[in-house]
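A quick write-up on the structure given underneath.
In what follows, every chain begins at residue 1, and chains take the letters A, B, ... in the order their sequences are listed.
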Protein chains: 2
Amino acid sequence: MKVSTRGRYALRVMIDLAEHSGGEYIAMREIAARQAISLKYLERILPSLVEAGIIEGVQGKGGGYRLLKQPGEISVGEILRLTEGELAPVSCDSCVGQLPCTRTADCRTKPMWDELKRVINDYLDSVTIEALMKQ
Amino acid sequence: MKVSTRGRYALRVMIDLAEHSGGEYIAMREIAARQAISLKYLERILPSLVEAGIIEGVQGKGGGYRLLKQPGEISVGEILRLTEGELAPVSCDSCVGQLPCTRTADCRTKPMWDELKRVINDYLDSVTIEALMKQ
DNA sequence: ACAATTACCTATTGACATGGTAGGTAATTG
DNA sequence: CAATTACCTACCATGTCAATAGGTAATTGT
């Protein structure tokens, strides 16, 4: 039941970008230094955020990254789903599709896991990067 | 962000015990067979539940396990905390104790993680074994 | 006495995920 | 020409998960 560094680092980058952006591009090297995160490691985390259209990366001298959306319009849930994968506490694919389920007692817990997933996602979707900045 | 088999198995055992108990003791071998879980593996999961006074184990012929509380008085959160450890999405001990925190941006996320933990625990504490049985 | 059963211990294994490190090429831009 | 992202491969060390295996001891009903 842990969120890994991928997701936590991504959040820190988003906050950093939001705080230091006046529209110009920010080199990832700066952020890596500021946040004390390996540049190479960050390099492997960011593409999913670019792909999703949340940030933009520009090559060349003076290039770097920039937010494409307002901090108030980016939710924590969004970032974590992109970097961590689905925020589901249990991956219960084993039951899905094959009915009747072979593990009765196990599937009796499925509605609860589904609801837990909903609770988690609802909360994380309600928090924005902007809200985090104001802490 | 996953709940491991330890917690999931423990829940299945609790449901099984609740369903098959008329006060008598149930051999763990029966449950292992019924739930298709390795007996040896179960043997290592149960002690924490015994220690917490949720179930009782009796040795000797005719012995086995039994619930010590009503299914309606045992919460899922309780079982998972005993078998999985603390249900916190982030173990942010690094900041605690040392002020001022060295990672400003990271700690800006702490209140959110705390709240997420609360949300998760609140939900899981609201669901009882009895409720699961009725699914 | 005997069989059943939990209680408790150690050790090992295979698979997988995590959290990086290292090094390179290509493309783009001021 | 230098800076910078984009994208790639490969590797590694550590830890966790999910068991498996085997044993001893203690307890209990019959």
Side-chain angles (χ1 to χ4, degrees), chain A residues 1-13 17 21 24-33 35-68 80 83-86 88-91 94 103 106, chain B residues 1-13 17 24-33 35-68 80 83-86 89-91 94 103 106:
Chain A
M1 274 300 267
K2 296 292 176 203
V3 170
S4 72
T5 53
R6 279 184 64 85
R8 303 205 307 272
Y9 287 177
L11 281 182
R12 280 161 65 183
V13 169
L17 277 178
S21 78
E24 75 281 17
Y25 295 95
I26 302 180
M28 196 41 56
R29 184 177 303 168
E30 279 182 48
I31 300 186
Q35 300 293 332
I37 300 174
S38 149
L39 176 61
K40 279 294 190 182
Y41 192 37
L42 269 192
E43 214 176 42
R44 295 180 15 171
I45 295 174
L46 293 186
S48 43
L49 300 177
V50 174
E51 205 178 342
I54 295 179
I55 61 177
E56 175 197 17
V58 166
Q59 296 179 329
K61 194 165 185 175
Y65 289 91
R66 192 171 63 167
L67 293 186
L68 280 183
L80 292 183
T83 49
E84 295 276 315
E86 218 194 6
V90 166
S91 40
S94 49
R103 300 187 185 175
D106 198 21
Chain B
M1 272 300 269
K2 298 291 176 202
V3 170
S4 73
T5 53
R6 279 183 64 86
R8 303 206 307 272
Y9 287 177
L11 280 182
R12 280 161 66 183
V13 168
L17 277 177
E24 76 280 18
Y25 295 95
I26 302 179
M28 196 40 56
R29 184 178 303 168
E30 279 182 48
I31 299 186
Q35 301 290 334
I37 300 173
S38 149
L39 177 60
K40 279 293 187 181
Y41 192 38
L42 271 193
E43 214 176 42
R44 297 181 16 170
I45 296 174
L46 294 186
S48 42
L49 300 177
V50 174
E51 204 177 343
I54 295 179
I55 60 177
E56 173 197 19
V58 167
Q59 296 180 328
K61 192 165 187 175
Y65 289 91
R66 192 171 63 167
L67 293 186
L68 280 183
L80 292 183
T83 51
E84 296 276 315
E86 217 194 6
V90 166
S91 39
S94 49
R103 299 187 185 176
D106 198 21

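When rounded to the nearest whole Å, the span between CD of A:E56 and P of C:dT29 equals 11 Å. Between B:E24 atom CD and D:dT28 atom C1' there is a gap of 17 Å when expressed in whole angstrom units. Atom-to-atom, CZ of B:R6 to C1' of D:dA18 comes out at 11 Å; the value is rounded to the nearest Å. Atom-to-atom, CG of A:L42 to P of D:dT4 comes out at 15 Å; the value is rounded to the nearest Å. Atom CE in B:M1 sits roughly 15 Å away from atom P in D:dC17 (whole-Å rounding). Nucleotide D:dA18 holds its P atom 7 Å from the CZ atom of B:R8, rounded to whole Å. Regarding A:I37, its CD1 atom lies at a distance of 17 Å from the P atom of C:dT18, rounded to whole Å. Rounded to a whole Å, the CG atom of B:L17 is 14 Å from the C1' atom of C:dT6.
Residues B:I31 and B:Y65 fail the side-chain proximity criterion, which asks for heavy atoms closer than 4.5 Å.
Every residue two or more places apart in sequence or in another chain that forms a salt bridge (charged side-chain N to carboxylate O under 4.0 Å, His left out) with A:K40 is listed here: A:E43. Taking the salt bridge (charged side-chain N to carboxylate O under 4.0 Å, His left out) definition, one finds that A:R66 meets it with A:E56, sequence neighbours left out.
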Polar-atom pairs under 3.5 Å, protein N or O versus N or O of nucleotides 11-17 of chain C: list them with distances, or write none.
from: C:dA11; atom 1: N6; to: B:R44; atom 2: NH1; distance (Å): 3.1

Produce the list of close N/O pairs, under 3.5 Å, pairing protein atoms with atoms of nucleotides 2-4 of chain C; give distances to one decimal.
from: C:dA4; atom 1: N3; to: B:K61; atom 2: N; distance (Å): 3.3

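Interatomic distance, CD1 of B:I54 versus CG of B:L46, reported as 11.5 Å (0.5 Å rounding). The structure places CD1 of B:I55 at 6.0 Å from CE of B:M28, a figure rounded to the nearest 0.5 Å. Atoms OG1 and CD1, from B:T5 and B:I37 in turn, are 8.5 Å apart once rounded to the nearest 0.5 Å. Annotation: the span from B:L67 atom CG to B:I26 atom CD1 amounts to 8.0 Å, rounded to 0.5 Å. Note that the CZ atom of B:R12 and the CG atom of B:L17 stand 13.0 Å from one another [nearest 0.5 Å].
Here the closest heavy-atom approach between residue B:G7 and residue B:T83 is recorded as CA-OG1, 3.3 Å.
Checking side-chain atoms of B:R8 against main-chain N and O of B:V3 turns up a donor-acceptor pair under 3.5 Å. In this structure a side-chain-to-backbone donor-acceptor pair under 3.5 Å is present from B:K2 to A:A88.
At least one side-chain nitrogen or oxygen of A:Y9 sits closer than 4.0 Å to the OP1 or OP2 atom of C:dG20. At the phosphate of D:dT20, OP1 or OP2 sits under 4.0 Å from a side-chain N or O atom of B:S38.
In this structure, B:Y65 and A:E43 both approach DNA chain C, and ranking their closest nucleotides by distance from the 5' end singles out B:Y65. Remark on DNA chain D: of its neighbouring residues B:T5 and A:G64, the 5'-side contact belongs to A:G64, judged by nearest-heavy-atom nucleotide.
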Seminar exercise, completed: Dot-bracket assigned to DNA chain C with the 3.5 Å Watson-Crick/G-U criterion, [ ] for crossing and | for other-strand pairs, is ||||||||||||||||||||||||||||||
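Residue contacts for B:V58: at a heavy-atom cut-off of 4.0 Å it reaches the sugar-phosphate backbone alone, with no base atom in range.
Side-chain proximity of B:K40 to C:dC8, C:dT5, D:dA18: nearest is C:dC8.
Pairs passing the salt bridge (charged side-chain N to carboxylate O under 4.0 Å, His left out) check and including a residue from residues 44-54 of chain A, sequence neighbours excluded, do not occur.
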